Student: 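Sharing a structure below in structure tokens format, with a few things to ask.
The chains referred to below are lettered A, B, ... by the order of the sequence lines, with proteins before strands, and numbering in each begins at 1. Keep in mind that this is a model prediction, so the values were computed, not measured.
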Protein chains: 2
Amino acid sequence: MPDKYRSPPPTLPPEQAQAERFEKARSAQATAVLEDYAELISDLIATEGEARPTDIARRLGVSHATAIKSIARLKREGLATSKLYRGVFLTEAGENLARRSRARHRLVVDLLVAIGAPRAAAEADAEGIEHHVSDETLAAFARYLNRK
Amino acid sequence: MPDKYRSPPPTLPPEQAQAERFEKARSAQATAVLEDYAELISDLIATEGEARPTDIARRLGVSHATAIKSIARLKREGLATSKLYRGVFLTEAGENLARRSRARHRLVVDLLVAIGAPRAAAEADAEGIEHHVSDETLAAFARYLNRK
DNA sequence: TTCGAAATGTAGCCGAGGCTACAAATATCC
DNA sequence: GGATATTTGTAGCCTCGGCTACATTTCGAA
């Protein structure tokens, strides 16, 4: 009997399903900072030629100490490299993350604008929303924008 | 003429604008937990007649100790009340927060589904997205859904 | 070339939100 | 009513991402 006719559709107890949704949101949040930094570092390198902690801090609106600490985390996770008193660079993995994040970010902004949100609100909201959009939903966004 | 009397530049330096967007996203994140709890407590009281820490913890997929600590924060912030070994209740402010959160949550799910996202993905993503949707964007969602 | 300003890095603090382990109160069942 | 199970609460630990204060390094300008 093919799988598709087998009985056990993962009809999770609704309680557990809800718990899983919350867990997913929490784990998305945990990587949000990494995505923001990767995206920003990549942009800075592209437009300024280098990504320096002070610039990163100013763009994110945090103290330079906070930026440096987060950059340390990026390094721990294998997303970035840097030498003392030199700029920050992305590893291959970091570049990939940055690329995906940027693409998602743009799609989210475009979709919000297409729906009718004011540009400024769309850009502000996208900063928080982008980290929680799954690939499936993202694909739906892309299809919608193509249709228009 | 002192700076403070000068007409403010209509366009913020882009750097600063970006920093403000990130700050907004961070502050939204700070209230996300409160919103989730308020919404859930309100639902539990409506459907079960009471909101008990163990149930809250199970629904959120978190240990009961974590739930109790967060409930303590809700109380500190004037959103909930509880007596020792008794259930949790929302204050007027807590009810208001719950009501707004629930409305926003529903709108977000509905919009994602309307755009074409699979229901399950929409519900999962909404859990994270809802906390970052501004009133302006929310209004755009409502208009869009009405048009359809 | 030196010296002061700017950038970078380090140390240590805080609160939030996770966790486990243990203690205390309440509910349940015989 | 008393033993046991469940629920609730407390204590203490962790990481993360904020911060300020201070130390060090680099850079630019006199």
Side-chain angles (χ1 to χ4, degrees), chain A residues 15 19-41 44 48-89 127-128 131, chain B residues 15 19-41 44 48-89 127-128 131:
Chain A
E15 254 185 26
E20 283 190 6
R21 289 197 294 271
F22 281 113
E23 271 161 32
K24 209 175 273 189
R26 284 195 297 271
S27 96
Q29 197 52 42
T31 60
V33 169
L34 299 180
E35 292 173 354
D36 285 340
Y37 275 75
E39 203 178 329
L40 177 53
I41 290 169
L44 282 172
E48 315 284 329
E50 57 179 354
R52 314 168 82 208
T54 302
D55 293 333
I56 295 171
R58 186 169 41 238
R59 295 284 205 102
L60 291 173
V62 300
S63 75
H64 81 275
T66 295
I68 286 173
K69 225 197 262 188
S70 298
I71 292 166
R73 189 176 160 215
L74 259 76
K75 295 203 269 181
R76 272 205 311 281
E77 313 238 347
L79 297 168
T81 59
S82 80
K83 294 200 192 119
L84 269 183
Y85 298 95
R86 288 294 174 259
V88 184
F89 301 91
E127 216 60 76
H131 306 293
Chain B
E15 253 186 25
E20 284 190 6
R21 290 197 295 270
F22 281 113
E23 272 161 30
K24 208 173 275 190
R26 284 194 297 270
S27 95
Q29 198 52 43
T31 60
V33 170
L34 299 180
E35 294 173 353
D36 286 339
Y37 275 77
E39 202 178 329
L40 178 53
I41 290 168
L44 282 172
E48 314 284 328
E50 57 179 353
R52 312 166 83 211
T54 302
D55 292 334
I56 296 171
R58 186 169 41 239
R59 294 284 204 101
L60 291 173
V62 124
S63 77
H64 82 275
T66 296
I68 287 174
K69 224 198 263 188
S70 297
I71 292 167
R73 189 177 159 214
L74 258 76
K75 295 202 269 182
R76 272 205 313 280
E77 313 237 347
L79 297 168
T81 59
S82 79
K83 294 200 191 116
L84 266 185
Y85 297 96
R86 289 294 173 258
V88 184
F89 302 91
E127 215 61 74
H131 306 294

Student: Testing the basics here: between A/His131 and A/Ala28, what is the closest heavy-atom pair and its distance to 0.1 Å?
Tutor: O-CB, 3.3 Å

Student: Quick one: B/Leu74 CG to D/dG9 P, roughly how many Å, whole number?
Tutor: 14 Å

Student: B/Phe22 CZ to D/dG17 C1': how many Å, rounded?
Tutor: 15 Å

Student: Atom CG of A/Leu60 to atom P of D/dG17: distance rounded to whole Å?
Tutor: 12 Å

Student: Quick one: list whatever passes side chain to side chain donor-acceptor pair (under 3.5 Å) with B/Lys75, sequence neighbours left out.
Tutor: B/Ser82

Student: Let me know the distance between OH of B/Tyr85 and P of D/dT7, rounded to the nearest Å.
Tutor: 14 Å

Student: Round to a whole Å and report the spacing from CD of B/Glu50 to P of D/dT7.
Tutor: 11 Å

Student: Looking at B/Tyr37 and B/Leu60, what are the two nearest heavy atoms and their distance?
Tutor: CZ-CD1, 3.3 Å

Student: So which protein nitrogen or oxygen atoms get under 3.5 Å of nucleotides 11-20 of chain C's nitrogens or oxygens?
Tutor:
unit_1, atom_1, unit_2, atom_2, d
C/dA16, OP2, B/Arg76, NH2, 3.1
C/dA16, O3', B/Arg73, NH1, 3.4
C/dG17, OP1, B/Arg73, NH1, 2.9
C/dG17, OP2, B/Arg73, NH1, 2.7
C/dG18, O6, B/Lys69, NZ, 2.3
C/dC19, OP2, B/Ser63, N, 2.8
C/dC19, OP2, B/Ser63, OG, 3.1
C/dC19, OP2, B/Thr66, OG1, 2.9

Student: Could you state the atom-to-atom distance from NZ of B/Lys83 to P of D/dG9 in whole Å?
Tutor: 13 Å

Student: Do you know which two heavy atoms are closest between B/Leu40 and B/Ile56, and how far apart they sit?
Tutor: CD2-O, 3.8 Å

Student: A/Ile68 has an atom CD1; how far is it from atom P of D/dG18, in whole Å?
Tutor: 14 Å

Student: Round to the nearest Å and state the distance from A/Lys75 atom NZ to C/dT8 atom P.
Tutor: 12 Å

Student: What distance do A/Arg52 atom CZ and A/Leu44 atom CG have between them, rounded to the nearest 0.5 Å?
Tutor: 11.0 Å

Student: Do any side-chain nitrogens or oxygens of A/Arg52 fall under 4.0 Å of OP1 or OP2 in C/dA7?
Tutor: no

Student: Out of curiosity, A/Asp36 CG to B/Arg21 CZ, how far, rounded to the nearest 0.5 Å?
Tutor: 11.5 Å

